[in-house]
Number of protein chains: 2
Amino acid sequence: MSVTSASPDVRIAVSTAIFSVRTTDDGDQLMIPLVRRTREPFLGQWALPGGWLGGSEGLEDAAGRTLAETTALAPSWLEQLYTFGDIDRSPDARVVSVVYWALLRSDLVEAQRATAGAPENVEWFPVEALPELAFDHQHIIDYAVWRLRNKAGYSRIAAALLPDEFTLAELRGVYETVLGKRLDPSNFRRLLEGSEALVPTEAFRTGPHRPARLFQYNADIDLAELGPI
Amino acid sequence: MSVTSASPDVRIAVSTAIFSVRTTDDGDQLMIPLVRRTREPFLGQWALPGGWLGGSEGLEDAAGRTLAETTALAPSWLEQLYTFGDIDRSPDARVVSVVYWALLRSDLVEAQRATAGAPENVEWFPVEALPELAFDHQHIIDYAVWRLRNKAGYSRIAAALLPDEFTLAELRGVYETVLGKRLDPSNFRRLLEGSEALVPTEAFRTGPHRPARLFQYNADIDLAELGPI
DNA sequence: GCAAAAGTGTTGATCTTACACCCATGA
DNA sequence: TCATGGGTGTAAGATCAACACTTTTGC
């Protein structure tokens with residue numbers, strides 16, 4: 001009935017797929033930071049940031065630590081994605097990877113990059129143009145992107161990619177980048193204004209056009225319904 | 001940057017929340033099998049079926065093994081739920097639990113119970129009336145129930161709880177049990193008939209009323225959209 | 001015939017989508 | 001005054017919920 005004993009030869013890693021929307025020459029793009037591996041296996045190839053689970057840290061803490069090591073930033077959203085445990089994921093050892101996905105405010109990413117410079121061995125890539133990846137990380141990223149797009153479709157999660165205050169057009173731009181399709185401005189406005197998710201401020205963003213009202217997230221409303229967890 | 005070394009003191013368990021709809025004195029109920037613990041900690045208390053992850057089995061294989069040990073049946077649906085890894089989940093050791101949830105065809109459960117009898121130390125409970133549970137298993141079950149209800153709302157997953165052939169009323173009954181609310185028969189019929197998910201057979205179920213056509217799942221359609229995974 | 005469940009039709013409410021159109025600003 | 005994006009209005013279409021009604025069986 002019960003299993004005989006524990007298996008000391010299985011190790012636990014925690015990795016995180018970190019998303020941010022960044023402005024490039026090709027317009028805004030959904031991007032993800034990768035780390036160049038400094039040891040075998042897959043030496044020199046790109047991989048998701050991650051590390052071994054410490055004995056005295058929770059899974060989410062480990063993901064947060066990983067994220068801080070990679071970007072020196074705290075995520076505006078962090079959620080477990082999936083746990084990958086096929087026996088042949090890693091050529092040497094048996095590794096079970098608990099993978100998280102995170103959203104980072106794009107303004108903070110830019111600011112941090114400007115002041116501290118890019119961390120060693122870390123580089124941001126558009127999710128549409130990734131290099132060859134170590135392990136099963138391409139598969140993992142595909143799944144994370146699918147989850148992000150899916151969740152963006154039925155929640156206000158994409159607001160976590162923007163600063164505290166933003167215009168509706170900026171928020172719509174984030175959704176368009178994440179979902180990869182154009183949205184009708186007027187319908188987008190109605191949808192958001194009806195949802196209680198945003199609160200209007202008295203500030204406006206000026207530019208070569210009519211000023212646009214700035215909004216904030218409604219802190220009373222969760223960005224995503226996660227259920228009882 | 002990178003973490004120093006692996007942590008050999010974290011063990012990996014795989015548990016499964018198994019659902020089936022069973023007919024009781026109180027009508028149909030959503031039920032779940034639990035196992036009485038035969039060792040410390042929580043000796044004598046009820047817990048989710050599970051065991052340690054074997055060094056040469058994948059996560060899903062381990063969940064399937066668990067399930068077979070508990071019910072001697074293969075699930076009609078098996079999906080990863082979540083991985084729980086708080087440092088104080090277990091009083092003694094550090095345990096990370098990869099939890100799956102499963103659906104079992106109710107007819108097979110009844111048949112198996114009738115022929116082989118109930119396995120040792122296993123008992124089915126209605127999810128609405130669970131005993132006191134070991135570890136954080138109450139929390140886990142709450143989450144699994146939420147996921148099942150949620151998924152039932154936007155997919156055809158509940159069909160996995162029924163035999164190959166079933167009437168629309170039987171399928172509706174399953175949905176009503178899972179979701180905990182009544183559904184309009186005519187609207188339910190239209191919804192399902194329009195969805196391509198079911199194929200009508202030429203067989204009918206007779207009774208003290210007009211015979212009802214039997215349906216099968218459409219094998220070409222997935223019971224649930226899971227994305228690229 | 002009657003009860004009970006199968007199955008059909010209809011209607012109004014609501015949500016989605018497309019798109020026309022006015023408004024406010026910088027240049 | 002013109003270009004640009006901000007913001008409002010509206011109507012067609014799709015979807016959904018409620019419920020009246022007809023059909024087919026066993027008794």
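Residue A:E123 qualifies as enclosed at atom CD: its count of foreign heavy atoms under 6.0 Å is above 12. By the neighbour-count criterion of 12 heavy atoms within 6.0 Å, atom CD of B:E193 is densely surrounded, having more than that number from other residues, nucleotides or ligands.
Comparing D:dA17, C:dC19, D:dG6 by their nearest atom to the side chain of A:S186 picks out C:dC19. Of the candidates C:dA6, D:dC19, D:dG7, the closest approach to any side-chain atom of B:A212 belongs to C:dA6. The listed nucleotides are D:dG9, D:dA18, C:dG7; the one nearest the side chain of B:D184 is D:dA18. You'll find that the side chain of B:R189 is closest to C:dT8, out of C:dT8, C:dT17, D:dC19.
Put simply, the side chain of A:R172 and the base of D:dG5 share no donor and acceptor less than 3.5 Å apart. For A:R205 against D:dG5, no side-chain N or O and base N or O form a donor-acceptor pair under 3.5 Å.
Between A:R36 and A:E120 no salt bridge is recorded (no basic side-chain N to carboxylate O distance below 4.0 Å). Ion pairing between a basic and an acidic side chain is recognised when a charged N comes within 4.0 Å of a carboxylate O; B:R205 and B:E165 show no such pairing.
Summarising the geometry, the separation between CG on A:L168 and C1' on D:dT4 is reported as 17 Å, rounded to the nearest angstrom. In this entry the distance linking CZ of B:F188 with P of D:dA17 reads 13 Å, nearest Å. Spacing between atom CG of A:L191 and atom P of C:dC15 amounts to 11 Å, rounded to whole angstrom units. Across the protein-nucleic acid pair, B:L192 atom CG and C:dA6 atom C1' stand 15 Å apart, rounded to whole Å.
Nearest heavy atom pair, residue B:Q80 against residue B:R147, reads O-NH2, 2.8 Å. Nearest heavy atom pair, residue A:L171 against residue A:A159, reads CD1-CA, 3.9 Å.
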Taking N or O atoms only and anything under 3.5 Å, show me the protein contacts with nucleotides 22-27 of chain D, one pair per line.
{"from": "D:dT23", "atom 1": "O2", "to": "B:R210", "atom 2": "NH1", "distance (Å)": "2.7"}

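Remark: side-chain polar atoms of A:E170 are paired, donor with acceptor, to backbone N or O of A:T167 under 3.5 angstrom.
B:R213 comes within 4.0 angstrom of the backbone, heavy atoms only, and of no base.
A residue-by-residue look at A:A169 and A:N187 shows that A:A169 has its nearest nucleotide of DNA chain D further toward the 5' end.
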